[in-house]
Protein chains: 2
Amino acid sequence: MNLAYHKKYNNLNMKDYVYNVLKENIMNLTIKPGTILRKKEIASEFEVSRTPIREAFVKLKEEGLIDVYPQRGTFVSYIDLDKVKEAKFMREALETKIVKLACEVFPDEKIFDLEANLKVQEMSLQQNNYLKLFEYDNEFHKMLFEGCNMENIWTSIEQISSHLNRMRILSLSADFNRSDVIEDHQRIINTIRERDSKKALQVMESHISRIKFDQEKLKRDYPDYFAS
Amino acid sequence: MNLAYHKKYNNLNMKDYVYNVLKENIMNLTIKPGTILRKKEIASEFEVSRTPIREAFVKLKEEGLIDVYPQRGTFVSYIDLDKVKEAKFMREALETKIVKLACEVFPDEKIFDLEANLKVQEMSLQQNNYLKLFEYDNEFHKMLFEGCNMENIWTSIEQISSHLNRMRILSLSADFNRSDVIEDHQRIINTIRERDSKKALQVMESHISRIKFDQEKLKRDYPDYFAS
DNA sequence: AATTCTAAACTAGTATGTTAGTATTATTAA
DNA sequence: TTAATAATACTAACATACTAGTTTAGAATT
């Protein structure tokens with residue numbers, strides 16, 4: 001199976017550890033859509049019983065990352081373009097509203113954290129590490145919500161974005177020339193610092209609208225990743 | 001424990017059946033915040049083993065309806081006003097955006113379903129059945145999302161609204177004079193039928209802004225329902 | 001009577017066994 | 001060779017047993 005593990009989940013119980021590791025590997029496309037997930041195999045991979053695996057599956061299913069067919073098997077879900085569309089709609093609605101709010105309430109001391117994050121993004125771009133760039137891009141947006149005390153909304157976005165984010169990863173892996181994204185992030189920081197909500201809204205709108213990829217091309221290049 | 005059951009969940013497996021029944025009873029406040037949930041007791045109540053109960057708990061925990069303290073116990077979560085605030089923010093952002101979209105894409109034949117739903121709301125109001133009114137109010141908004149092919153976004157809203165909706169139930173049970181809400185719904189239908197997105201946005205904004213209750217009064221009347 | 005200690009009764013988390021249904025393979029019949 | 005059937009090997013769902021940590025109640029001590 002060859003999973004990528006991460007120490008950062010080590011303090012959790014097995015159920016949550018398994019959930020996090022599997023989720024990360026599914027999102028990364030390390031485990032490809034359509035792959036069967038054998039409880040027994042994964043249990044021995046993690047050196048635990050089937051119980052925590054099964055409980056991790058309950059959570060993964062709820063987020064649409066896997067499909068469970070009773071008495072038949074459990075499979076990594078195929079990318080569903082309807083869900084991609086819904087996630088984009090939701091992100092657009094919420095990110096534009098949050099950036100306006102951020103101009104009012106985002107604490108000055110946390111702007112520094114945004115800048116620090118951006119530096120890591122720049123490094124990741126230079127290193128051609130698209131997974132790391134993706135991770136810190138997401139982290140950047142998460143920080144915007146946290147700074148407005150809306151971390152649960154970000155959790156919601158993450159949950160609905162399981163299909164969208166796999167598309168973004170596919171797109172990034174093909175075309176890694178995304179300095180435009182980093183420039184957008186810098187502009188967002190600037191407008192928040194200047195408390196210019198009108199401009200912030202504009203910048204965020206154009207930033208989110210970049211989340212569009214040639215769906216037809218991706219579907220052609222990876223036909224076995226998609227549903228229907 | 002005295003749970004309210006519903007036949008509508010009967011076709012599910014035990015895990016999902018238990019999840020749905022418990023969720024409904026928690027949302028209704030039939031099971032009060034802070035109540036301990038004993039796996040053994042619930043298992044015998046449903047006449048199943050502890051396994052499907054435990055799996056239902058995994059889902060309930062993910063939605064913030066219960067708090068699990070290892071080796072100590074599982075409790076119905078207290079209403080968290082921060083989460084109420086976040087749910088309101090999210091609903092406002094998404095419902096205003098969806099009603100604009102509805103004016104473009106909502107299918108004419110489904111407008112009839114909205115009208116039918118509204119009739120049930122009126123009946124519920126006459127019968128002073130606030131739980132039924134609440135149910136069909138939610139169903140109305142769900143139908144708006146479904147008509148725009150955005151049912152997963154409604155699922156997201158439902159998930160983040162577990163604390164907000166308990167506040168709404170509390171508020172409804174105290175003040176059941178809510179013909180204004182039904183009038184709003186009629187206006188929403190009308191604007192969609194007329195495909196008047198500008199007016200639709202206005203109506204929805206004022207409709208959602210009604211989701212505000214005297215938090216301080218509710219907290220005074222039900223002090224043991226709230227966190228901190 | 002108040003405090004400390006100890007043992008029993010709880011809990012969540014994990015492990016393993018059982019059941020019933022599905023898919024696959026081997027076997028038989030045509 | 002092909003089609004139908006039976007046996008086998010899977011699976012998810014559910015039941016039960018065990019482990020380790022927490023709380024509670026009661027006994028012992030002051």
Side-chain angles (χ1 to χ4, degrees), chain A residues 1 3 5 7-23 26 31-78 224, chain B residues 1 3 5 7-23 26 31-78 224:
Chain A
M1 192 124 235
L3 300 173
Y5 291 81
K7 277 158 277 168
K8 63 182 167 188
Y9 305 127
N10 267 351
N11 56 332
L12 301 169
N13 56 30
M14 279 314 296
K15 163 185 101 235
D16 290 325
Y17 177 74
V18 170
Y19 162 77
N20 278 299
V21 172
L22 286 180
K23 173 166 183 175
I26 292 171
I31 316 180
K32 298 195 194 322
T35 307
I36 188 166
L37 297 178
R38 290 176 222 278
K39 258 202 275 292
K40 257 185 159 176
E41 187 183 330
I42 295 172
S44 66
E45 174 103 24
F46 284 92
E47 295 181 303
V48 291
S49 78
R50 295 173 345 253
T51 302
I53 308 298
R54 187 172 158 72
E55 288 169 353
F57 279 15
V58 170
K59 294 181 70 174
L60 292 169
K61 184 190 175 182
E62 197 170 357
E63 291 186 29
L65 287 158
I66 63 175
D67 296 314
V68 179
Y69 303 98
Q71 273 70 46
R72 287 201 280 152
T74 298
F75 304 84
V76 175
S77 64
Y78 292 102
D224 46 348
Chain B
M1 191 123 236
L3 298 174
Y5 289 82
K7 279 157 276 169
K8 63 181 168 188
Y9 305 127
N10 268 351
N11 56 332
L12 301 170
N13 56 31
M14 280 315 296
K15 163 187 99 231
D16 290 326
Y17 177 74
V18 170
Y19 162 77
N20 278 298
V21 171
L22 286 180
K23 173 164 182 175
I26 293 172
I31 317 179
K32 298 194 193 325
T35 307
I36 188 166
L37 296 178
R38 290 176 223 276
K39 258 201 274 293
K40 256 186 160 176
E41 187 183 330
I42 296 172
S44 66
E45 174 104 21
F46 285 92
E47 296 180 301
V48 290
S49 78
R50 304 186 318 272
T51 303
I53 308 297
R54 190 174 155 71
E55 288 168 354
F57 279 15
V58 170
K59 293 181 71 174
L60 291 169
K61 185 190 174 183
E62 195 170 358
E63 291 185 30
L65 287 158
I66 61 175
D67 296 314
V68 179
Y69 303 99
Q71 273 73 43
R72 287 202 279 152
T74 299
F75 305 84
V76 175
S77 64
Y78 291 102
D224 47 348

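Naming convention: chains lettered A, B, ... in sequence-line order (proteins, then strands); numbering from 1 in each chain.
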Exercise for the section: Let me have a per-nucleotide readout for nucleotides 10-16 of chain D, 5' to 3', with B, S or -, counting only protein heavy atoms under 4.0 Å. Expected result: -BBBBBB

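Of the candidates B:Asn13, B:Asn20, B:Val21, B:Val21 is the only one forming a side chain to side chain contact (heavy atoms under 4.5 Å, CB included) with B:Tyr17.
For B:Ala43 against B:Ser49, the heavy-atom pair with the smallest separation is CB-O, 3.8 Å. Between B:Ile66 and B:Phe57, the closest heavy-atom pair is CD1-O, 3.5 Å. Considering all non-hydrogen atoms of both residues, B:Val58 and A:Glu55 come closest at CG1-O, 4.1 Å.
For A:Glu63 and A:Tyr19, the side-chain atoms include at least one donor-acceptor pair closer than 3.5 Å.
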